[in-house]
Every structure is written in C-alpha cells, then in structure tokens.
Amino acid sequence: MTTLPRSGLLRRWRPTDLSGRMARWGLVIVLIYGLIALLTPLLIHLGLLADPNTGLENPIYSTPSLQHWCGTDRLGRDVCVRTLSGAGVALQVVLLALVVALVIGVPLGMLSGYLGGWFDRVLVLLMDTLYTLPVLLLSVVLAFLLGRGLPNAAAALCVVYIPQYFRVVRNQTAQVKAELYVEAARTLGAGPIWILRRYLFRNVITSVPVLLTLNAADAVLVLGGLGFLGLGLPETIPEWGGDLQQALTALPTGIWWTALYPGLAMFVLVLGLSFLGEGLEAWVSGGDGGRGG
C-alpha cells in the first residue's frame, strides 16, 4: 500500500534538519507578528490598550512598571503600545511595497525573457542601473522626493526590489522558453500570452517566495532606516525607526527602555523573516527540510 502510517506522516511533516527548523520558527514568528498587527488596533478601539499618540496625562520617561510595561517616552506615550502598533505599520508598508514590486517586476521579467530583442535590452539596462545602486541610498532619495507617508514609503521601497524580481524571472524565462514543450506549443499556434500564462508562469515563479521573504526582512530594516533619518512615516504614525531616533537623545542619560523595545521588535521580525527565507531556499534548492531523518 502507498499510504504511510500515521507516525510516518508525522515524521515527514516535522522537519528535523537545521533549515527545516529555521523555516518552522520563522513561520511562527511571522504569524505572531501578524496576529499582533491584527489585534492591536482592535484592542485600542475597545479601550483595552491606550492610544499610541496620547500620553499627556502620563509622566515622561517613566520606568517600566505594572501600569506601563515598557515605560513611557519623552511625551509620556506608552512604549509598549507604540511598539505593538509599529508591528502592524511595518507589515503594512512592507507588504504593500513587495506586492507592487511583484506585480511590476514579475510580468516585466517574463515579457523581457520571452520576447528578447530591443525590448529585452532596454529593460535589462534600466533594471541593472537600478540594481547597482545601494538599496538604502536609493530608498532615501526616493523617500526625500516623495515625502513622508505610508504610500510614499511603500513606493520608495518597491522601486528598490522591482529589479530583483525582474532579474530572477527574466533569467528563468529565457531558459524555460527553449524547452521542447514550449516549442511544441508555439508550433501548434499558441500565442505569447497563452504560453506565458499556461507554460512559463508556473515554472519561473518557484523561486519568488524565497526572494519575497528575504526582501521582506531587508525592507523592514530599510523602513527602519528611513524612519531613523526622518524620511519614513509621519510622527503621528507609530514606527520603530522614528521611535529609535527619538530615543537616541535620551539613551546617554540612562533611559534605555525607549530604545530597547522598538529595536528588539525590529530585530525579532527580521530574524523570523530571514529564518523563513533561508528555510524556503533550502527546500526549493532540493534540501530535505520537510522530511524526517
């Protein structure tokens, strides 16, 4: 019989190597952050958590206590609530930026790799030019030109990652289009759109989830860098990089809690996304991250 016993299925489902454990812990961390992002606005709306922008009635730079678990900042705002709210803001900006980068970069890469010719040369030149620029420098320039705001920050990030999706998809499309089944479909009269949608898309999209998770980890850091430089989101929106920039002036006086918790939240999210990306990469490249020993 081909049906595995129940214990065998459990062993196959539970990863035992390093890449499998990394992917599992990364997924757990990302899911926890997603749950925090969903629940925090609801709890604030219900009055169970304080508003992250109000704190005039609280003492400034209050140490962590039962009333304010992570203390308060220079305006008396609750650091814990602002850190929790920052998780939702970071995930919104990063998700929006990467979705836009996917929607633009993947179709352009497929068209460029399949059509070739002058269209391919122009796009490759443009994307290579953007790719050679440092990520943070390009993001800073775009954020400065677009101004502060959630859509503007997402736009500044998405332009950075479009060339990466373009390059990966374009190279794979150029390889897959030479396969015999693609040639057979073209001989039978299939058009470019049909071939791209029916035959090429499923074959070139396999490595995109790996790149997506690794780019998400990088985007969290870039967004924090923009906020730290004052080019990210408005001050009324809780954001880890902006809170770290404000905490920098108080850090030499021994006020550590305003910098610790936003920095720790950013570090753990980046770590979880990196673990998930590395685990997916090992699995896609032929590792046995999902198999038992």
Side-chain angles (χ1 to χ4, degrees), residues 26 30 33 37 86-113 120-173 204-205 207-234 237 239-242 244-245 262-263 265-267 269-278 280-281:
V30 173
Y33 271 80
V89 173
L91 290 178
Q92 286 181 52
V93 175
V94 170
L95 183 61
L96 179 59
L98 293 182
V99 167
V100 174
L102 277 173
V103 170
I104 297 176
V106 171
L108 285 180
M110 292 180 64
L111 289 173
S112 180
D120 178 50
R121 290 194 295 271
V122 170
L123 283 180
V124 168
L125 177 61
L126 175 61
M127 296 299 175
D128 284 349
T129 302
L130 292 175
Y131 187 76
T132 55
L133 296 174
V135 172
L136 184 58
L137 177 61
L138 182 58
S139 300
V140 166
V141 172
L142 292 173
F144 178 78
L145 295 175
L146 296 174
R148 304 176 70 174
L150 195 149
N152 295 344
L157 289 176
C158 81
V159 174
V160 173
Y161 299 110
I162 287 175
Q164 299 187 28
Y165 296 107
F166 171 85
R167 287 161 59 94
V168 170
V169 173
R170 183 255 177 196
N171 293 338
Q172 291 189 351
T173 302
V204 304
I205 205 68
S207 60
V208 169
V210 178
L211 188 59
L212 181 68
T213 53
L214 296 177
N215 282 346
D218 183 66
V220 173
L221 290 176
V222 174
L223 178 64
L226 293 178
F228 189 82
L229 296 173
L231 297 173
L233 304 176
I237 299 178
E239 196 269 320
W240 294 330
L244 285 174
Q245 193 275 333
M266 186 187 304
F267 169 76
L269 178 56
V270 171
L271 187 68
L273 290 169
S274 300
F275 277 2
L276 183 58
E278 293 294 337
L280 286 176
E281 185 176 15

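When each of Val159, Val160, Val141, Leu138 is checked for a side chain to side chain contact (heavy atoms under 4.5 Å, CB included) with Leu133, only Leu138 meets the rule. Checked options Val169, Val168, Val106; the residue passing with Val204 is Val169 (criterion: side chain to side chain contact (heavy atoms under 4.5 Å, CB included)).
Counting only distance, with no hydrogens or angles, the side chain of Ser112 and the backbone of Leu108 share no donor-acceptor pair below 3.5 Å.
Put simply, CE on Met127 and CZ on Arg170 are 12.0 Å apart, with the number rounded to the nearest 0.5 Å. Here Leu226 contributes atom CG and Asn152 contributes atom CG; the two are 11.5 Å apart, rounded to the nearest 0.5 Å.
Between Asn171 and Phe166, every side-chain heavy-atom pair lies at or beyond the 4.5 Å cut-off. Taking the side chain as every heavy atom from C-beta outward, Val220 and Leu273 approach each other to under 4.5 Å. In this structure, the side chains of Tyr161 and Val135 come closer than 4.5 Å at one or more pairs of heavy atoms. For the pair Cys158 and Leu98, the minimum side-chain heavy-atom distance is 4.5 Å or more. Leu214 places a side-chain heavy atom less than 4.5 Å from the side chain of Glu278. The shortest distance between side-chain heavy atoms of Leu229 and Gln245 does not fall below 4.5 Å. Residues Leu111 and Thr173 are not in side-chain contact: their nearest non-hydrogen atoms beyond the backbone lie 4.5 Å or more apart.
Applying the side-chain hydrogen bond (donor to acceptor under 3.5 Å, both in side chains) criterion to Thr213, with sequence neighbours excluded, gives no partner residue. Not counting sequence neighbours, the partners of Arg167 by the salt bridge (charged side-chain N to carboxylate O under 4.0 Å, His left out) test are Asp128.
Pairing each heavy atom of Trp240 with each of Ala90, the nearest pair is CZ3-CB, 4.0 Å.
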